[in-house]
Amino acid sequence: MNDSTSTPESSAPSNFIQQIIREDLKNQKNEGRVLTRFPPEPNGYLHIGHAKSICINFGTARDFSGLCNLRFDDTNPEKEDMEYVDSIKESIRWLGFDWEDREYYASNYFDQLYDFAVELIKKDKAYVCSLSQEQAREYRGTLTAPGRNSPDRNRSVEENLDLFARMKAGEFDDGAYTLRAKIDMASPNMNMRDPVLYRIRRLHHHQTGDKWCIYPMYDYTHCISDALENITHSLCTLEFEDHRPLYDWVLDELDGVAHPQQIEFARLNINYTVMSKRKLKQLVDEKLVTGWDDPRMPTLDGMRRRGYTPASIRNFCEMVGVTKSNSVVDVGMLEHSLRDDLDKTSPRAMCVLRPLKVVIENVPEGHKEEMTLPRHPKDESMGERKISFTRTIYIDHNDFEEVPPPGFKRLIAGGEVRLRGCYVIKCEEVIKDAEGNIQELRCSYDVATLGAKPEGRKVKGVIHWVPADESIDVEVRLYDRLFSHEAPDSAEGDYRDFINPESLMVLRGCKAEPSLVNAVAEERFQFEREGYFCADKIDSAPQQPVFNLTVGLRDTWARKQG
Ligand code: ATP
Ligand code: MG
């Protein structure tokens with residue numbers, strides 16, 4: 001990791017979680033240990049919101065010389081899959097974090113969770129309930145009305161023990177019984193109204209196979225898993241604040257288990273996207289995107305394929321900070337962080353996206369003059385690249401106008417423009433087809449204009465170009481935001497109605513400078529005057545790269561900040 005930015009042991013400004021932990025360390029709480037965990041449920045791919053949680057959990061541990069576990073909260077086999085387990089691990093590693101050998105699964109604890117449930121029953125703190133799901137919902141009450149006790153609430157301990165053992169043994173149908181905590185059906189906190197601890201579900205589990213036909217509920221499992229791992233600080237998002245009393249209840253009722261301190265922070269929300277795994281899965285299942293790794297998706301796999309760097313995501317999470325109030329972050333800030341990193345790290349190259357043929361008539365046939373351009377304007381260590389100036393070249397259609405709009409600084413009929421790193425050319429003639437479409441330009445070049453600007457010569461603009469014979473044909477995919485609405489989630493109507501129909505534009509036959517033929521999967525470039533691009537890691541073939549637009553050059557967010 002290259003970004004040990006904060007020094008929490010010092011008095012440097014820090015977020016509220018770091019302040020709490022520093023205080024705990026001062027008071028010798030947890031014998032000076034700091035152990036956090038990142039607890040995904042393997043029911044989807046990770047998204048940028050998870051990146052915030054990963055950076056907070058792994059980052060906080062690192063800052064205090066502690067450790068962070070990876071734990072899969074795998075209590076719902078119906079929705080989970082090994083495909084998700086694998087992708088989650090890959091994404092965390094890619095982001096730059098390491099859980100070493102501390103890879104755990106809540107399902108590792110199923111035996112202990114069962115024993116703890118028996119302990120609760122013996123203490124008359126849990127009971128087997130025969131209410132159906134629908135009845136239970138009715139008995140539960142509402143936010144304004146208290147619930148009612150289940151008719152089974154006073155079952156004897158012996159009977160509960162017997163029924164629970166038989167639930168485990170597979171004697172009952174799915175849904176016939178649940179095990180519930182005996183807390184308080186009148187509690188203003190709905191989570192405390194005798195929540196279900198176990199349900200009967202005959203499902204194959206990706207870790208435990210067919211060993212179990214009863215599965216523990218998420219809340220019950222989560223707090224005990226944290227305790228069994230001796231987590232010191234259980235960092236989670238704000239929506240779990242209302243679950244904390246239940247976690248406290250469970251851990252206090254059980255003998256001899258640790259009691260991690262839960263601290264809640266605000267979720268990350270970003271405009272122009274959706275971030276719930278359910279919706280992301282729906283986009284994939286309904287083929288509205290090409291997969292979880294579609295470059296338009298806010299998943300870490302999608303962002304990686306798009307060309308995001310791990311550092312840009314970590315820096316963004318750092319910029320967002322850790323707070324207690326939910327808000328929506330401008331996607332422009334994420335893109336700003338990305339540009340900031342790419343500007344420093346991406347070699348420059350030229351690629352003409354919409355080629356327009358230009359014949360330079362005073363260059364003889366077969367003439368070739370090698371131009372040397374730096375690979376980076378500031379970073380000399382990146383070296384140089386060679387491009388041949390020849391009679392026929394390509395420039396971008398957008399860089400020529402017959403009727404230029406005001407302020408147009410590129411090539412016009414009879415006008416001059418500089419070719420990047422090369423000569424000034426002048427447009428002598430515009431050649432059109434029968435329909436009046438521009439076919440090619442006939443130009444001349446001024447031999448005296450190479451290198452430093454000659455005295456008294458004013459050229460309005462600089463455009464990019466490639467030699468016709470030596471350029472390579474590439475496919476370029478231009479991406480825009482997946483949603484055209486700022487808040488697709490909360491807008492009226494279905495979020496899918498706001499998918500931007502122009503979020504993907506495929507350009508074939510783009511002309512790239514020859515050095516790009518060797519671009520390898522995930523290699524990033526700045527295509528001069530166009531934006532940052534990344535060789536697609538799936539569809540690029542050797543000597544045949546396909547480029548994804550990562551992000552354009554214009555930073556509107558930074559400008560807004562003043
Ligand atoms: P979703 O609501 O998208 O299904 P989730 O919270 O159910 O996500 P988990 O796999 O349970 O997904 O998440 C793992 C961890 O990541 C949790 O601690 C969760 O709080 C955190 N997390 C999920 N989404 C965000 C977010 N948008 N911002 C910050 N942390 C998040
Ligand atoms: Mg969750």
Side-chain angles (χ1 to χ4, degrees), residues 15 17 36-61 68-81 83-89 91-92 95 97 99 103-107 206 217-219 221-223 225-226 229 231 233-244 247 260 262-285 292 297-303 313-314 316-329 331 333-334 487-490 495:
N15 66 53
I17 293 178
T36 59
R37 83 288 170 267
F38 174 63
E41 185 183 354
N43 61 354
Y45 283 56
L46 297 182
H47 52 59
I48 178 73
H50 292 115
K52 173 173 176 179
S53 178
I54 293 169
C55 289
I56 291 176
N57 278 296
F58 280 93
T60 303
C68 178
N69 293 352
L70 170 60
R71 184 180 65 245
F72 291 98
D73 270 344
D74 54 349
T75 56
N76 193 2
E78 194 177 358
K79 300 218 164 118
E80 295 163 7
D81 201 283
E83 176 195 347
Y84 301 134
V85 170
D86 294 338
S87 81
I88 288 170
K89 293 200 286 187
S91 289
I92 301 172
L95 257 191
F97 297 102
W99 57 94
E103 176 178 329
Y104 302 113
Y105 294 78
S107 53
H206 51 101
M217 299 300 285
Y218 177 85
D219 275 338
T221 308
H222 183 76
C223 58
S225 302
D226 276 351
E229 289 175 18
I231 300 300
H233 299 85
S234 177
L235 312 178
C236 63
T237 37
L238 284 177
E239 71 272 21
F240 292 104
E241 201 162 17
D242 288 347
H243 298 239
R244 178 153 37 92
Y247 300 163
Q262 175 166 310
I263 308 171
E264 303 91 7
F265 61 88
R267 282 179 93 79
L268 173 66
N269 301 299
I270 299 184
N271 58 10
Y272 293 100
T273 192
V274 295
M275 221 134 55
S276 105
K277 276 189 275 187
R278 187 181 63 76
K279 288 179 181 160
L280 296 176
K281 184 165 190 304
Q282 200 166 40
L283 291 171
V284 174
D285 290 344
W292 285 97
M297 290 280 270
T299 53
L300 295 179
D301 262 27
M303 295 172 75
I313 296 177
R314 294 194 305 262
F316 166 73
C317 291
E318 187 81 24
M319 278 167 81
V320 167
V322 187
T323 65
K324 273 261 182 204
S325 55
N326 281 315
S327 61
V328 180
V329 173
V331 66
M333 181 168 151
L334 176 61
D489 265 334
S490 46
Y495 73 100

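Just follow the structure's listing: the first ligand is 1, and inside any ligand the first atom is 1.
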Does [Y] offer a backbone N or O that forms a donor-acceptor pair with the side chain of [X] under 3.5 Å?
{"X": "Asp74", "Y": "Ala106", "value": "yes"}
{"X": "Lys281", "Y": "Asn43", "value": "no"}
{"X": "Glu80", "Y": "Glu41", "value": "no"}
{"X": "Lys324", "Y": "Glu264", "value": "yes"}

- Close approach, Ser276 and ligand 1, non-hydrogen under 4.0 angstrom: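 Contact present.
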
- Task: Determine, using heavy atoms of His47 and all atoms of ligand 1, whether some pair is separated by less than 4.0 Å.
- Result: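 Yes; His47 lies near enough to ligand 1 that a heavy-atom distance drops under 4.0 Å.
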
- Winner among Ile54, Asn43, Asn326, Leu268 once heavy atoms are compared against atom 27 (N) of ligand 1: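 Comparing heavy atoms across Ile54, Asn43, Asn326, Leu268, the nearest one to atom 27 (N) of ligand 1 lies in Leu268.
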
Using distance alone, determine whether [X] and ligand 1 share an N or O pair under 3.5 Å.
{"X": "Lys52", "result": "no"}
{"X": "Arg267", "result": "yes"}
{"X": "Lys277", "result": "yes"}
{"X": "Thr237", "result": "yes"}

- Just say parallel, tilted or perpendicular for the rings of Trp292 and Tyr45, cut-offs at 30° and 60°.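 Because their plane-to-plane angle is under 30°, the rings of Trp292 and Tyr45 count as parallel.
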
- Proximal atoms of ligand 1 relative to Met275 (non-hydrogen, under 4.0 Å):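 That gives atoms 3 (O) of ligand 1.
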
- Query: Just wondering, do Asn15 and Ile56 contact through their side chains at under 4.5 Å, heavy atoms?
  - Reply: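 No, their side chains stay 4.5 Å or more apart.
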
